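Note that this is a predicted model, so its numbers are computed, not measured. Scope of the values below: all heavy atoms of this structure, side chains included, with no hydrogens, waters or symmetry mates. Letters A, B, ... mirror the listed sequences (proteins, then strands); counts begin at 1.
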Number of protein chains: 4
Amino acid sequence: MAGTNARTGGRVRSEEARDAVLTAAAELVEEAGYGELTMEGVAARAGVAKSTLYRWWKTRPALVMDAYGPALARRMPEPDTGGVATDLVAFVEQLYRVVEHPFRVNALRGLMAEAQLDPSFAVRFEEWAQTRRAVVAGLLRRGVERGELAPDLDLEYAVDLVFGPFWYRLLVGHAPLDPADAEPHVRRLLGGLAATA
Amino acid sequence: MAGTNARTGGRVRSEEARDAVLTAAAELVEEAGYGELTMEGVAARAGVAKSTLYRWWKTRPALVMDAYGPALARRMPEPDTGGVATDLVAFVEQLYRVVEHPFRVNALRGLMAEAQLDPSFAVRFEEWAQTRRAVVAGLLRRGVERGELAPDLDLEYAVDLVFGPFWYRLLVGHAPLDPADAEPHVRRLLGGLAATA
Amino acid sequence: MAGTNARTGGRVRSEEARDAVLTAAAELVEEAGYGELTMEGVAARAGVAKSTLYRWWKTRPALVMDAYGPALARRMPEPDTGGVATDLVAFVEQLYRVVEHPFRVNALRGLMAEAQLDPSFAVRFEEWAQTRRAVVAGLLRRGVERGELAPDLDLEYAVDLVFGPFWYRLLVGHAPLDPADAEPHVRRLLGGLAATA
Amino acid sequence: MAGTNARTGGRVRSEEARDAVLTAAAELVEEAGYGELTMEGVAARAGVAKSTLYRWWKTRPALVMDAYGPALARRMPEPDTGGVATDLVAFVEQLYRVVEHPFRVNALRGLMAEAQLDPSFAVRFEEWAQTRRAVVAGLLRRGVERGELAPDLDLEYAVDLVFGPFWYRLLVGHAPLDPADAEPHVRRLLGGLAATA
DNA sequence: TCGTAAGCGAGACGGTACGTCGCGTCTTGTG
DNA sequence: CACAAGACGCGACGTACCGTCTCGCTTACGA
């Protein structure tokens, strides 16, 4: 009665195969980079038929999303320390800490690239990005409610000010991302660029 | 004396072929998007041999860079109105105006994607990005000198605050870019997020 | 006591499924030709599980054999009119009449093809062919006994002279098979090619 | 001016590759049989790219036709000894001699099978068969002109009487083909089945 | 003015990966 | 047991582009 999906008959999906695929995909991204990852290669390393791959993951980015998405999302706590400054610093520090896992950086960059090249994937990618944005948006909203932030704040743009520079550095590589910069960056963000004197 | 490189004969490069290629590349990006652009396709449309293509452009992004680079770089004046606020608004407005040329957006996104997938191109792309960053950096530096901006400003990060959100919106597509937003965005940037009361 | 084979329970075979499969197979041969028939396709059209198919028919030709074998064998009376000429004409006419059922032609050609590609099926196919040869052989043997045919007749080759041209036309398609040709063909066969004058 | 095909530019076709492919195809038919031959396998053995294979041979039978056609055609002399009996015996003997090359038998059977399964190939196959039929038809026509054969001879059917039993035995395998049988077979063909007494 | 040294279109070449299809086997229910 | 469902490993399919490589032809310079 309360059955979620009404399967009747049919061999059950092999968790073994699923795990092997996700592991293989993760390993290949780590070793050779997202650009070098091929469906063929994943299937071979996982000891799995290509048809099985395509049965469950229609495209390459969908696969990597599944292999990396959880790992990437896990590291996304919603800090709630009572002050927007400390909340933001905590979040941004965690954000910048991705550089401590170069292969995750690789995956992130690859997924972002794919989203540019494949419109159908772009949709899924944006959805994922929205889940991350929601965290920061919530955090900022609390700051507004507490009167810590400008009441006329454009939340959308404010969130962009957090993620934008992060992605920009990640993608262009002109400057390093350093967790130690989280605090000064947030301070600047809150205080603005203009001279206070 | 005049010729620096010591050519001693040989057919001269065909400007006709060069133009046909760049036109074809631009058209293909416009019509089908950067992701669909292939060297094979460009050669076919341009009525040019593949060997000619590869003689002058080693890779796909190098080609698109040539086809769009000028257009992308041209519209990047260094405003100098005497005030950092007006300078910034002028620049950012111009920046956001790229959305009025959807195919340029397409090209920008494609080049960014390629930079993620092809490390050797990443270098060229970063160089190009630096030329754009230099404009903003100069503009901000003048602001500091004039005492309009905080004297301890981290120029690098400040530039990221201008370009970061721009690219982030361009790439993720969660929110539109609107030249009309240039002024409020800059105002927020200068004033910071914190409540002024 | 009544049952010869000692089945001790278990669901009984579904005649419904059997019929659905044979019908589907026949239809597919008719519609798309033997070459396009697949086990997968038959199962799908019959609304039957692949496992059921394989339980009862090991191979594609075995299936088609079951679907068409009866129809092909049925119309093969052993005429016995008292004269070899009339017997032969009756048989050959009946043989040529297969062209009135194009899908049976299709099945015959497909089975012949399969016999060339699958050695294990070739055995079954030859057995089937032998049952048909036996009819003609018997008919001819009676002719020899009655003194109508050459006493030193090579029966094997004589039978080949009946079936050979039939199959050859069926398979190569260079000339039509026409039941009306049965009589002249038999006359020529009996009289030989050499001038009688 | 008299140029047969007006090629202008383009790398010339590699005879090396062509030969490697035809050799590989021939070897594979010999070793494993026509049914086991795959485009993939031929390409691998020939050390040639699959794309090269498909560039020149659209289908598997087209390839085997090219690999075996010449060999099969070479052995097809047009005997002209002055008498239809000796002409026929010479031809038929040569025909039956194919059994001395089991792999050619394999190829012939495979091609015949393919012609049944692939309508588009059937056309090419019939054309090839016609070239062989023409030889026998010519031979018989001379016999008619010389008064050796019945003047009202149905040439088409007469040719079928030569090839039909040959193919029938080749395909069904119920009886061996023996070059030594050529003479008696032809004798029977000319004299007919009916008792001469 | 003529030879040499490019550039050019054409297009074949060896490759790699693509995404699909059908195979025959298997593992689940349920009847 | 039979059966529907359907996932699985497998192998070949035919296609698309890749980047490289001959070809024969066409320019332009400079000796």
Within less than 4.0 Å of OP1 or OP2 of [N], is there a side-chain N or O belonging to [X]?
X	N	result
D:Arg11	E:dA12	no
A:Trp56	F:dC8	yes
A:Arg13	F:dG6	no
A:Thr52	F:dG9	yes

Tell me whether C:Arg13 forms a cation-pi arrangement with C:Trp56, defined as NZ or CZ under 6.0 Å from the six-membered ring centre and within 45 degrees of its axis.
yes
Base of E:dC8 paired with side chain of B:Ser51 (donor-acceptor, under 3.5 Å):
no
Side-chain ion pair, B:Glu15 and B:Arg18, N-O less than 4.0 Å:
yes
Could you give the [atom1]-to-[atom2] distance, from [X] to [N], as a whole number of Å?
X	N	atom1	atom2	result
D:Arg18	E:dG14	CZ	P	14 Å
B:Asp19	E:dC8	CG	C1'	15 Å
C:Tyr54	E:dG22	OH	P	11 Å
B:Trp57	F:dC18	CH2	C1'	18 Å
B:Leu53	F:dC17	CG	P	14 Å

Walk me through whether D:Thr52 and D:Arg55 qualify under side chain to side chain contact (heavy atoms under 4.5 Å, CB included).
CA-CA 5 Å; D:Thr52 299; D:Arg55 199 180 340 268; 3.7 Å; yes
Of all the choices, E:dG14, F:dA2, F:dA4, which nucleotide is nearest to the side chain of D:Ala17 once you look at every atom?
E:dG14
Report the nucleotide, chosen from E:dC23, E:dC18, F:dG9, that has the shortest atom-to-atom distance to any side-chain atom of C:Lys50.
E:dC23
Regarding C:Gly41, tell me which of base, sugar-phosphate or nothing describes its non-hydrogen contacts under 4.0 Å with the strands shown.
nothing
Only pairs under 3.5 Å count here: list side-chain donor-acceptor contacts from residues 107-122 of chain C, not counting sequence neighbours, and write none if there are none.
unit_1   : atom_1 : unit_2   : atom_2 : d
C:Arg109 : NE     : D:Gln116 : OE1    : 2.4
C:Arg109 : NH2    : D:Gln116 : OE1    : 3.1
C:Glu114 : OE1    : C:Tyr34  : OH     : 2.7
C:Glu114 : OE1    : C:Arg60  : NE     : 3.3
C:Glu114 : OE1    : C:Arg60  : NH2    : 2.8
C:Gln116 : OE1    : D:Arg109 : NE     : 2.5
C:Gln116 : OE1    : D:Arg109 : NH2    : 3.1
C:Gln116 : NE2    : C:Met112 : O      : 3.1
C:Gln116 : NE2    : D:Leu171 : O      : 3.0
C:Asp118 : OD1    : C:Ser120 : N      : 3.0
C:Asp118 : OD1    : C:Ser120 : OG     : 3.0
C:Asp118 : OD1    : C:Phe121 : N      : 3.3

Between D:Glu15 and B:Gly47, the residue closer to the 5' end of DNA chain E by nearest nucleotide is B:Gly47
Within residues 31-40 of chain C, those residues having any heavy atom closer than 4.0 Å to DNA chain E are C:Thr38, C:Met39, C:Glu40
Rounded distance [0.5 Å steps], OH in D:Tyr68 versus CZ in D:Arg104:
7.0 Å
